[in-house]
Undergrad: 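What follows is a single structure, and I will ask about it in a moment.
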Amino acid sequence: MSSKKISLPSVPKNADRDTTVFLQSLKKAVEKMSADELVGINKAVQSYVLRSSKKIRADLVGVIGDETGVGPILDKIRGHITESELSKELGTRIEKITSNENAISEERLQRVADVLAANEAITQERQDREQSITDSSNLLQQNIEAEALERFNVDEGLHQDLVQEIQTRSDETGQLISDFNGIYAQVNPDMAGDTDKWAGDDSYFAGVWSERSAIIEKDMAMSKRTDGLLSSINDNKASITQVNKTLVTKNEVVASQINRLAAQMVGGYDGDDLSQVTSGLIHQERTARATAVEGLAEQVSLLSAGVGEQFDSFEIWHFNKDKDGWVNGVYANGWINVRTETINSPVVDIDGGMYRHVKLRIQKIGTPTWDAVLTYTGGSLSAPEPEYTPEGFAIVNFYMEWTGTITGFSIKLASSADNLNYFKIDWIAVGRPSPGASHAALLREEKARADKDRALAQSITSLDSQINGDGVSSSSSIVQKLNTTAGKADTTAEDLSNLTSTFNNEVMGAQGIVARNAETAASASAANASDISGVFAQVNPRMAGDTDWLAGDDSPESLVGVWSERSARMESDLATSQKFDAVQAELNDNKAAISKESKTRVDEIKALAEQTETIRSDFENNAGVMQTQIEANATAHSALAKRTDTIQSSVGKNTASVKTAQSAIDGINAKWSIKTDVNGVVGGLAIENDGRTVDFIVRAGSFAIQGQSGSKSVPFVSYPDGTIIDGEVIPAGNYLDDTYIRRASIDTLDIKGNAVTVPVSAFTEGSIAVGTSYKTIQSLAVPSDMGHTMLSFSAIFNFPGYARVQSILCRIVKGGVVIADNIEVFFSEARSETRTSTSYDPAGHNHSASFSGGTYGPNGYQSVSGNVTVNHASTGPHSHRVDIANDNRNAGTFSLSRHDSTGVAGIYELQMRVSNGGTANLSQRYIHAMTMRR
């Protein structure tokens, strides 16, 4: 809104005397105003207008002009309002909050995804590290065992030995001292009548040994001690190993220690998958290293326990001596060799509802073509080709949907095979998994490193447990990675942690995650801290026909999450802080989310605080949203506080919104508005205060005021655009009921159905001649039956001729009956004078006199003057009488009023006649009646 001032005259001290001059100046000032300059009318002028309103309307019309009135001023006011920013803002559509502007933005979701990815990465790192340590530990153990067993090599039979080796060496380059001590026991039994040792063992073995060595060379000194305990039966082993080592060179000093406790039950498994065996492992490595420029300390420990899949078998065929009743195939050394033939089970009695798993351990020889199928009375089932170990071993699983009692079944493995390409079957079992394969591990890795420029400390801790079997796969893990660094230029700290639980079965999959990523950093010029943490859960029901499904998929059917993000940053000329909290739930593409984001920023030119809170729900194509945005900012020259609240609902293509906005700007402007938008139809109300004027605008198809008592009365209704009610067209305008107006200025009065007053009038401009008899000069039909009636009569008259006496009478006739008679409305009579004198003059004499005056003739006003002389002869004594008389001609106006309270409608007639002076002409003949409705 423009702040331009318009120069107006000051308030006159004497309002009555100076009204005309003031209003003329006001008129000129108003005419110069543009639509946005009405604010220039100051309070003094407003006050004067109120005081000067006591003047009758004729004064105002006389100054502004009959053709001007209130209309042009109203037009300017209307333009000022409709073109104002406040009005335009009320008419602007409320933008739809789309899915791209959801409660949680895509950018925010990506950051959360990055945190989850980072936590997934450290989880994978933990798994890889655990496997690497396990493999390294196993390899170390194998090498130590192999070296020890090389010193003790026996044939079949029973042996007990004590082995001791001592070696010394000395030459120009150094000295070597080594000491090896061992105690061993081994048994290799042969079964009665069996030359192939079908028990599957090469030895029963137990051993204890110790190896010590010391080496000194020109620029190196090393000492090492290895202690081991090992027991083994049927490939099931238990061992304890400890390796201690120190090393000194001219460049570095190293001390290391490895401790290992391991136990393993292999059973009949020939592969290297730890999930298929029962094992326990404790592995610990510690290293300390120092050089001229840095120091390093590391410690790694792993506790691991695993149980292979436990299978509750109803029936198992080991084929130890023969085919155990199976038909077809070729038996050889505990195996049934099959090519393309089908082998048939013996007669069985299996509860199909309880035992649905059929397992085979096979070995693939050559390259037969896989085509496995299990057939029983009532159906068949194919099995995918399994993954083989390097030696060709694999486990085949059939999960049968059979029911009732199963009395037999058959198995076929290959569609193409020959003598060099075939399958060997080790055993066949029917049963159920119980309780399932399981694995648990605790990994801790710590590292500290320092040199002259940088120091580093790192810690990784991992707990992991899992179980698989009976159609169930479940696992839980906790991983935490801590990292700190400090240097001459900067320093950082990092905390990544992840808690995950995953459950999958044949019907449902579920996953819960708690993740956190916290970082701090500082340098000479800046400091930064951030923390993102989240809690997530998702459930994925398996769809019909879904064979490749796990909890944790990228497109879950259901998901809930709660997370928080915090960050703070400080630089030399900038400080920022930010916090974001969100909760989200998703089920079958239907979503609900709540988010709140707070942000502050201060720099050299501005201070800013912002907050956005959003609540959103989406179900199919329908959505409900509530959003609040708050902003406050300040600079050296300005300040702003603003708040916007929006609620919105969308169903199909329809959208309804309500938006409330309020702002305070620079201490000189305050604004508040509320508007609604339904599919583009916008309305509302707004108020703005700029320190000079207060504008209040309502944008609505109808506007009404109703009392607070609950009364159904509506004294005021406005329809700016008109409307239709019950089929009746309501014209645009304002509608008032029971309204009291002390004073009103109205250009045109048009009251529908004469609802309040009944103004009627009749007017004839032309002239009519009236003589000595009454003649009707004007008539008017008046609805006096509606209430009390005030009547006004007026006309202009003139006499065409001169006469000493001129007069006019009138009477009022209603419905042909005289109700007022012989009212004298004009009378004029010229004055006359008589003079008498007595004289005696024998000689005679003359009388003379002069006169002057004026008269109005055909040529206008004229002056009249002259002399009068009377001659008289001598007659003696005598007297004189002189009469002076004037004729006159008149013209003028007359008016009279009449009150009618009879309550009877009728036709009023104004009749006139000339009682003296001949005839008169009458024009501008007017009757006006105002009836006040009862």
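Counting begins at 1 with the first residue of the sequence.
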Undergrad: Would you please classify the geometry between the W402 ring and the Y376 ring as parallel, tilted or perpendicular, with 30° and 60° separating the classes?
TA: perpendicular
Undergrad: I need the minimum non-hydrogen distance between F398 and A372, along with the two atoms involved.
TA: CZ-CB, 4.2 Å
Undergrad: So, for N528 and A568, which heavy atoms are closest and what is the spacing to 0.1 Å?
TA: OD1-O, 3.0 Å
Undergrad: Test side-chain contact (heavy atoms from CB on, under 4.5 Å) on I411 and L360 and set out the steps.
TA: CA-CA 10 Å; I411 298 174; L360 297 78; 4.0 Å; yes
Undergrad: I need the minimum non-hydrogen distance between A394 and P386, along with the two atoms involved.
TA: CB-CG, 3.7 Å
Undergrad: Side-chain contact test, heavy atoms from C-beta onward, threshold under 4.5 Å: evaluate it for T628 versus R643 and give yes or no.
TA: yes
Undergrad: Taking K659 first and then D645, would you say they form a salt bridge - that is, a charged N and a carboxylate O separated by under 4.0 Å?
TA: no
Undergrad: Is a side-chain donor or acceptor of D603 paired with a backbone partner of I605 at a separation under 3.5 angstrom?
TA: yes
Undergrad: Does a side-chain heavy-atom distance below 4.5 Å link T646 with M626?
TA: no
Undergrad: If you round to the nearest 0.5 Å, how far is OG1 of T644 from CD of Q629?
TA: 6.0 Å
Undergrad: Assess whether a salt bridge exists between D531 and R566, defined as any Lys/Arg side-chain N lying under 4.0 Å from an Asp/Glu carboxylate O.
TA: yes
Undergrad: For a quick test of reading the model, state the closest non-hydrogen atom pair linking A732 to P720 and the distance between them.
TA: CB-O, 3.3 Å
Undergrad: Whether E571 and R569 form a salt bridge (side-chain N of Lys/Arg under 4.0 Å from carboxylate O of Asp/Glu) is what I want to check.
TA: yes
Undergrad: Before giving the answer on side-chain contact (heavy atoms from CB on, under 4.5 Å), spell out for T502 and T500 the whole-Å C-alpha distance, their side-chain angles and the decisive distance to 0.1 Å.
TA: CA-CA 7 Å; T502 304; T500 304; 3.8 Å; yes
Undergrad: Do W370 and V396 have side chains that approach each other closer than 4.5 Å (heavy atoms only, starting at C-beta)?
TA: yes
Undergrad: May I ask you to decide whether R356 forms a salt bridge with E401, counting only side-chain N to carboxylate O separations under 4.0 Å?
TA: yes
Undergrad: Could you tell me whether the side chain of L685 reaches within less than 4.5 Å of the side chain of W672, counting heavy atoms only?
TA: yes
Undergrad: For the atom pair OG (S567) and NZ (K599), what is the distance rounded to the nearest 0.5 Å?
TA: 9.0 Å
Undergrad: To the nearest 0.5 Å, how far apart are CG in D666 and OG1 in T635?
TA: 7.5 Å
Undergrad: Looking at Y399 versus H357, is the centre-to-centre ring distance below 6.0 Å?
TA: yes
Undergrad: Using modelled atom types and a 3.5 Å cut-off, is there a donor and acceptor pairing between side-chain atoms of T520 and backbone atoms of T492?
TA: no
Undergrad: Starting at OG1 of T614, measure out to CD1 of I594 and round the result to the nearest 0.5 Å.
TA: 10.5 Å
Undergrad: Can you see which heavy atom on Y355 is nearest to which on G431, and at what distance?
TA: CD2-CA, 3.5 Å
Undergrad: Tell me whether N622 contacts the main-chain N or O of G652 through its side chain, where contact means a donor paired with an acceptor under 3.5 Å.
TA: yes
Undergrad: Do F580 and S564 come within less than 4.5 Å of each other through their side chains, counting heavy atoms only?
TA: no
Undergrad: Step by step, would you call I532 with R516 a side-chain contact (heavy atoms from CB on, under 4.5 Å)?
TA: CA-CA 6 Å; I532 302 177; R516 184 185 182 197; over 6 Å; no
Undergrad: Are any non-hydrogen side-chain atoms of Q480 and D495 less than 4.5 angstrom apart?
TA: yes
Undergrad: Should we count CD1 of I725 as having more than 12 external heavy atoms under 6.0 Å?
TA: yes
Undergrad: Evaluate the side chain to side chain donor-acceptor pair (under 3.5 Å) criterion for residues N669 and E688: first the C-alpha distance (whole Å), next the side-chain angles of each, then the deciding distance (0.1 Å), finally the verdict.
TA: CA-CA 7 Å; N669 184 282; E688 181 177 12; 2.8 Å; yes
Undergrad: What is the distance from atom CG of L496 to atom CD1 of I460, rounded to the nearest 0.5 Å?
TA: 10.0 Å
Undergrad: Do you know the tightest heavy-atom contact between R699 and V682?
TA: NE-O, 3.5 Å
Undergrad: Would E597 and Q578 count as a side chain to side chain donor-acceptor pair (under 3.5 Å) if you check the C-alpha gap in whole Å, the side-chain angles of each, and the deciding distance to 0.1 Å?
TA: CA-CA 7 Å; E597 181 176 9; Q578 186 171 344; 3.0 Å; yes
Undergrad: Can you find a pair of side-chain heavy atoms, one from V681 and one from N679, that are under 4.5 Å apart?
TA: no
Undergrad: Verify side-chain contact (heavy atoms from CB on, under 4.5 Å) between S657 and T655, making sure each step is shown before the conclusion.
TA: CA-CA 7 Å; S657 307; T655 299; 3.9 Å; yes
Undergrad: Could you check whether K675 pairs with D677 (Lys NZ or Arg NE/NH1/NH2 to Asp/Glu carboxylate O, under 4.0 Å)?
TA: no
Undergrad: How about Q611 and K596: do any of their side-chain heavy atoms sit closer than 4.5 Å?
TA: yes
Undergrad: Can you tell me how far OG of S638 sits from CG of N633, rounded to the nearest 0.5 angstrom?
TA: 6.5 Å
